[in-house]
Amino acid sequence: MGTVEQINTYTRIPPFIEIMDSTLRDGEQTNGVSFLPHEKLMIARMLLNDINVDRVEIASARVSEGEKDAVKMICRYAKSIGKLKNVEVLGFVDGRKSIDWIDGCGGTTINLLAKGSMKHCSGQLHKTVEEHIDDILYSLEYARQKGMGVNIYLEDWSNGMKDSPEYVYKMLDVLTKTDIMRFMLPDTLGVLNPLQVIEFMRKMVKRYPSAHFDFHAHNDYDLAVSNSLAAVLSGAKGLHVTVNGLGERCGNAPLSSVQVILKDQFHAKTSIHEDRLNDISRLVEGYSGIAVAPNQPIVGENVFTQVAGVHADGDNKANLYTNALVPERFGRKREYALGKTSGKANIDRNLQELGLELTPEQTQKVTQRITELGDRKEIVTQADLPFIVSDVLKHNVPEDKVKLVSYMVSSAYGLKPIASVKVEINGSQYEADAMGDGQYDAFVKALRKIYKKSLGRTFPILENYSVTIPPGGRTDALVQTVIVWRNGDMTIRTRGLDADQTEAAIKATLKMLNIFEETNAE
Ligand SMILES: CC(C)C(=O)C(=O)O
C-alpha cells in the first residue's frame, strides 16, 4: 500500500472512520474484570472528553443494580456535555424490557443484540428468521415510541456469512428499510481472516450501499487489528475497539493500534486525540487489573525505550532510529535503557538528561558498574543513575585495608540467621561466626567478634540505618543503604548500593571499616 490514491483505487476507504469504544461493555467481558460504577464514569469521561471517541458502549441492559447506577451516572454526565447521543447500551430482543431499562437510566440509544446466523437464531432462540425479524420490528417500534435511537448487532455475522448468507440477507433486506441507524457486524468468535472480511464486507456494501456498517472484531487468531483494517478498506464506516484490547476471550481490537494504523498507514481520518492514548491505557490497566504487555505497541512500557547502544548513538548523531510513532505524539517520552548492552551512548544520553557532567574516566567507571548490574540481570533505570554515579564516584575511601574474603548468611523460617564471615585486615585473614536478629545483624556481630576477640579492638557502634529505593519509575534494580556509625567522637556515614538490601548494607560497612582503619592508622 502506498499513497492515498493507490489505496482508493483498490479499495473504498471512507473519508472518515467512526470509532465506537466498547471497553465498558465487551471490555468488561474480559475474564476477571468488573468495573465499579465510579470507575466506569471515569473511563467514559476520558473516552468522551479527552480521547474524543465518537461513541461509547457502556453496559449491557438488565445486568445488575450496580450497572444501572453506572449507566445513570454516565448518561447524566454525557448529557451535561451535550454527548448523550454518543452513549450506547447493549440491549436484547426481549420485547420492552431492555428498552425500558435503558430509558429508566436516562439512555437514548440501544444497541439491539439480534442474531446474525441461522445457527444462533434456531439453536439459541428456537425461532425462524421470520419470527426473529418480527420480534426485532416490535422492539424497533417500541424504541421509536420512546424516542430511542437503535443500532443493531447481528451476532455471529461472520459465521452467518460463511454458513447461512441467505439468512443474513433475509434479515437485512427487511431491516435496512427501517430507521435503524447502524448495522454492527461482529466476528463474534474471531474466526475470520482479512480476505474473508473483505469478501463479506464488500457483499454487504454492494447489496446495501446506503447502510452504515460497523465492524466488531475479536482477536482469537490475533487478527483483530488486521480484520478491522480489512473492514474499513472494504467500506465499513465504523470500527469497534476497546482500550488495551480488552474483551471476551482474546479481546477486541485495541483502540491505540487501530488509530495509528488508520492514520499513518491508510491516511484515514478519525476524531481520536492521540495525546491521551497512554493515559487512558494506564487508567484502564489500573481499574481492570489486567497488565498491558510491555511490548504492546503505543502503550506498552518498553515500546519507546531504546536498549541497544547503537540506537542511542544513531539518535545522538542524526536521529536515525525513529519513525512516525514518536512517543511525544502519545504523551510519552523516549528513553534509553541502561544495562549491559546499552553502552556509553545510552549512558551519555541519560547523564545529559539529568544534567550530570562527568569526565571520560568517571563515565567509564559508571558504565562498568551498569554493565556489572546488567550481567546480573538487573534492570537499571534513569532514576537509579544519580545513585550509581555518587556510589561509584563520591567516596575517595581507600578500599584495600579491609577486604571481604567470603561470607555466608543464612535465612530459614523459624530459625535465627547465622553469618560466617572471613575478612582480610591489613594483610591478615580472620574469620568468625555469629547469630543475629537479621542477616545483616548476624554479619555485623561476626565482624564485631573478629575485632574484639582476634584483634582486641573496639568496633564502631551502629547509630542509624536507613534503606531507600531510588525514586521514580521501575526501581527494582537498586536499594541504597545509609549507615551512621560512631566511634568515640567520630561519626562515620557510609552508604552502599546494590540490588540486594543485605549486600548494600555490607558494602556500606566495608567502606566504614576502611575509613576506620585509615583514621586508626594516622
Ligand atoms: C455481544 C456481541 C455484540 C458481541 O460482542 C459479539 O458478537 O462479538
- Message: Working note: V243 + I51, criterion side-chain contact (heavy atoms from CB on, under 4.5 Å); need CA distance, chi angles, decisive distance, verdict.
- Response: CA-CA 11 Å; V243 177; I51 307 290; over 6 Å; no
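- The shortest distance between side-chain heavy atoms of N278 and I298 does not fall below 4.5 Å.
- Residues D433 and S420 share a closest heavy-atom pair of OD1-OG, 2.7 Å.
- Of the candidates N227, D187, T188, D187 is the only one forming a side-chain hydrogen bond (donor to acceptor under 3.5 Å, both in side chains) with S158.
- By the 6.0 Å contact criterion, OH on Y221 is open, its count of non-hydrogen atoms from other residues, nucleotides or ligands being 12 or less.
- In summary, R329 and D275 do not engage in a salt bridge, as defined by a charged side-chain N under 4.0 Å from a carboxylate O.
- The heavy-atom pair separating D54 from I19 by the smallest distance is OD2-N, 2.8 Å.
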- Show the numbers, then the answer: is there a side-chain contact (heavy atoms from CB on, under 4.5 Å) between L385 and V366? CA-CA 9 Å; L385 197 51; V366 171; 4.1 Å; yes
- Task: Go through V241 and N252 one step at a time and tell me if the side-chain contact (heavy atoms from CB on, under 4.5 Å) criterion holds.
- Result: CA-CA 6 Å; V241 296; N252 299 99; over 6 Å; no
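- Residues forming a salt bridge (Lys or Arg N to Asp or Glu O under 4.0 Å) with D441 (at least two apart in sequence, or on another chain): K445.
- Exactly one residue among I388, D375, N350 makes a side chain to side chain contact (heavy atoms under 4.5 Å, CB included) with I370. That residue is I388.
- Open room surrounds NZ on K79; 12 or fewer heavy atoms of other groups in view lie less than 6.0 Å from it.
- With respect to R334 and E353, no salt bridge is recorded, no charged nitrogen being found less than 4.0 Å from a carboxylate O.
- Between W485 and F459, the ring planes lie perpendicular to each other; the angle is over 60°, past the 30° to 60° tilted range.
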- Task: Assess whether side-chain contact (heavy atoms from CB on, under 4.5 Å) is satisfied between D26 and H218, documenting all intermediate values.
- Result: CA-CA 10 Å; D26 211 330; H218 274 278; 3.2 Å; yes
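- At a threshold of 4.5 Å between non-hydrogen side-chain atoms, the residues Q259 and F330 do not count as touching.
- At distances below 3.5 Å, at least one donor-acceptor pair connects side-chain atoms of K83 with backbone N or O atoms of L48.
- Across all their heavy atoms, R332 and G300 have their closest contact at NH1-O, 2.8 Å.
- Under the rule for a salt bridge (Lys or Arg N to Asp or Glu O under 4.0 Å), K365 has no partner lying at least two apart in sequence or in another chain.
- Ion pairing between a basic and an acidic side chain is recognised when a charged N comes within 4.0 Å of a carboxylate O; K401 and E517 show no such pairing.
- Using a 4.5 Å cut-off on side-chain heavy atoms (C-beta onward), S22 and E88 make no contact.
- To the nearest 0.5 angstrom, T494 atom OG1 is 7.0 Å from K511 atom NZ.
- Legend: residues meeting side-chain hydrogen bond (donor to acceptor under 3.5 Å, both in side chains) with D69, ordered by chain and number and at least two apart, are absent.
- Heavy-atom contacts from other residues, nucleotides or ligands closer than 6.0 Å to CD of E357 number 12 or fewer.
- A salt bridge links E67 with K40: the closest approach of a Lys/Arg side-chain nitrogen to an acidic carboxylate oxygen falls below 4.0 angstrom.
- Using a 30° and 60° split on the angle between ring planes, H240 and H216 fall in the perpendicular class, above 60°.
- In terms of modelled atom types and a separation under 3.5 Å, the side chain of T30 and the main chain of G247 share a donor-acceptor contact.
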